[in-house]
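Position 1 is the first residue of the sequence; numbering continues from there.
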Amino acid sequence: MDSMSSEANVKDKDAEGGGLLDTLRVVFHALVLALIVRVFLYQPFNIPSGSMIPTLLIGDYLFVSKFSYGYTKYSLPWSPNLFDGRILGSEPERGDVSVFKLPRDNETDYIKRVIGLPGDRVQMIRGILHINGTAVPRERIADFSGPASTCNSRRQETIQVPRYVETLPNGVRYETLDCTAGGDGDDTAIFEVPAGHYFMMGDNRDNSTDSRYASYSGVGFVPYDNLIGRADIIFFSVDEAASLFAPWRWPVEIRWSRFLDLID
């Protein structure tokens, strides 16, 4: 009996050990798969500011396709200096909503819309975007209704902001906001986009630090190698005022209608 009992105990311990190893193996494989997806396919990002309203709202969580433009050192976690240039490179299209490393520090992630391609001349005249000397058509539509933070105000109220639809030369259409007539970025010099660089702008024109502002204080021209990927889809969204400590409000603070929205 003692021999049989000892044998049973050994088998039980072997089973427990095997079960633990199986669990660790599954966890390891899951981590490797997640790393492969993050590095080579899709990386999640969240939107902390209002520079891309109304296309993207504070509290949106989205997937960025890293394979859209190929891979640079910035495609990897912590941007190790393993290689120069871009592997399997593909150039962005005008109108893409893209994530990139801020040129002045090569560390901070920014998200803006690709407006100017290499060789383009970009200018704002009285709030109207001009590309290569031609005004980009824009159409006034219903005002955007949102929190005062949309226009960089700390007031606790809902405001109405003039909203437009712009149509780029390649036919890409998207909405923009105009918080302030005659704002700082509404009239600019002509920006000639250098080879291998891009001109980026936020859709919330008066609340966006972008390529209209020099690289020492703004974004400036964005090098091709700084591009991380194209923003493709919103997978989760929650109101900017939501709190982790008030779970009873989550059902009304989650923006259910934005789940799985494609980003134009």
Side-chain angles (χ1 to χ4, degrees), residues 43 45-58 60 62 64-66 68-70 72 74-75 79 86 89-125 127-132 136 138 152 164 166-170 172-179 183-232 263-264:
Q43 183 172 342
F45 286 88
N46 74 290
I47 303 301
S49 74
S51 70
M52 284 297 294
I53 297 174
T55 304
L56 298 173
L57 306 180
I58 298 174
D60 281 348
L62 47 93
V64 170
S65 61
K66 304 183 80 168
S68 295
Y69 306 143
T72 71
Y74 300 117
S75 303
S79 306
R86 184 173 292 272
S90 178
E91 296 184 0
E93 296 183 6
R94 196 192 309 274
D96 282 359
V97 176
S98 300
V99 172
F100 57 91
K101 292 294 184 183
L102 184 63
R104 70 169 177 264
D105 64 15
N106 292 325
E107 294 180 358
T108 308
D109 293 328
Y110 263 46
I111 184 167
K112 305 291 179 186
R113 190 179 296 277
V114 178
I115 295 296
L117 305 178
D120 280 345
R121 291 174 292 109
V122 180
Q123 185 179 22
M124 294 292 292
I125 302 176
I128 304 295
L129 172 64
H130 289 66
I131 299 177
N132 297 325
V136 170
R138 73 170 187 169
N152 205 26
Y164 299 85
E166 282 185 352
T167 305
L168 292 175
N170 61 346
V172 173
R173 292 167 56 87
Y174 53 91
E175 297 178 4
T176 66
L177 299 185
D178 187 6
C179 288
D184 289 343
D186 282 356
D187 288 278
T188 71
I190 296 175
F191 299 95
E192 296 188 8
V193 186
H197 291 71
Y198 296 87
F199 191 93
M200 319 293 280
M201 291 182 68
D203 293 345
N204 190 357
R205 292 291 162 76
D206 295 311
N207 189 14
S208 174
T209 301
D210 50 40
S211 293
R212 290 172 292 175
Y213 305 96
S215 58
Y216 62 83
S217 61
V219 171
F221 300 118
V222 176
Y224 179 42
D225 285 352
N226 282 49
L227 297 179
I228 296 174
R230 184 186 65 214
D232 278 354
I263 299 171
D264 297 324

Exercise for review: Check whether any side-chain heavy atom of Ile128 sits under 4.5 Å from a side-chain heavy atom of Val136, and report yes or no.
Suggested key: no
Point to revise | Flag side-chain contact, heavy atom, 4.5 Å: Asn106 against Ser79 | key: no
Could you list the residues that satisfy side chain to side chain contact (heavy atoms under 4.5 Å, CB included) with [X], not counting sequence neighbours?
X      : value
Asn152 : Asn207
Ser217 : none
Ile58  : Glu240
Ser90  : none

Can a donor-acceptor pair be found, under 3.5 Å and without considering hydrogens, that links the side chain of [X] to the backbone of [Y]?
X      : Y      : result
Arg104 : Gly218 : yes
Thr72  : Asp225 : yes
Asp120 : Val122 : no
Lys112 : Thr209 : yes
Lys66  : Ser75  : yes
Lys101 : Glu107 : yes
Ser211 : Met200 : yes

Distance from [X] atom [atom1] to [Y] atom [atom2], nearest 0.5 Å?
X      : Y      : atom1 : atom2 : result
Ile47  : Ile111 : CD1   : CD1   : 4.0 Å
Ile190 : Ile125 : CD1   : CD1   : 7.5 Å
Glu166 : Ile115 : CD    : CD1   : 6.5 Å
Cys179 : Ile53  : SG    : CD1   : 8.0 Å
Tyr198 : Leu227 : OH    : CG    : 6.5 Å
Met52  : Ile263 : CE    : CD1   : 8.5 Å

[X] and [Y]: which non-hydrogen atoms are nearest, and at how many Å?
X      : Y      : value
Ala231 : Leu62  : CB-CD1, 4.1 Å
Pro169 : Ile131 : CD-CD1, 4.1 Å
Pro118 : Ala195 : CB-CA, 4.1 Å

**Study point:** For Phe191, ring pair (Phe, Tyr, Trp, His ring centres under 6.0 Å) partners two or more places apart
**Key:** Phe199
Can you list the residues that meet the salt bridge (Lys or Arg N to Asp or Glu O under 4.0 Å) rule with [X], with sequence neighbours excluded?
X      : result
Arg86  : none
Arg138 : none
Asp264 : none

Review point. Are Phe100 and Val219 close enough, and set up right, to give a side chain to side chain contact (heavy atoms under 4.5 Å, CB included), and what steps lead you there?
Key: CA-CA 10 Å; Phe100 57 91; Val219 171; 3.9 Å; yes
Revision key, fill the gap. The complete set of ring pair (Phe, Tyr, Trp, His ring centres under 6.0 Å) pairs with one or both residues in residues 208-227, sequence neighbours excluded, reads none
**Study point:** side-chain hydrogen bond (donor to acceptor under 3.5 Å, both in side chains) against Tyr69, all qualifying residues, sequence neighbours excluded
**Key:** Asp96, Ser98
Practice item. For Arg173, look at atom CZ and say whether over 12 heavy atoms of other residues, nucleotides or ligands are found less than 6.0 Å away. Key: no
Revision key, fill the gap. So salt bridge (charged side-chain N to carboxylate O under 4.0 Å, His left out) across residues 183-203, not counting sequence neighbours, yields Arg113-Asp203
Point to revise | Pairs meeting criterion salt bridge (charged side-chain N to carboxylate O under 4.0 Å, His left out) with involvement of residues 207-222, two or more places apart | key: Asp210-Arg212
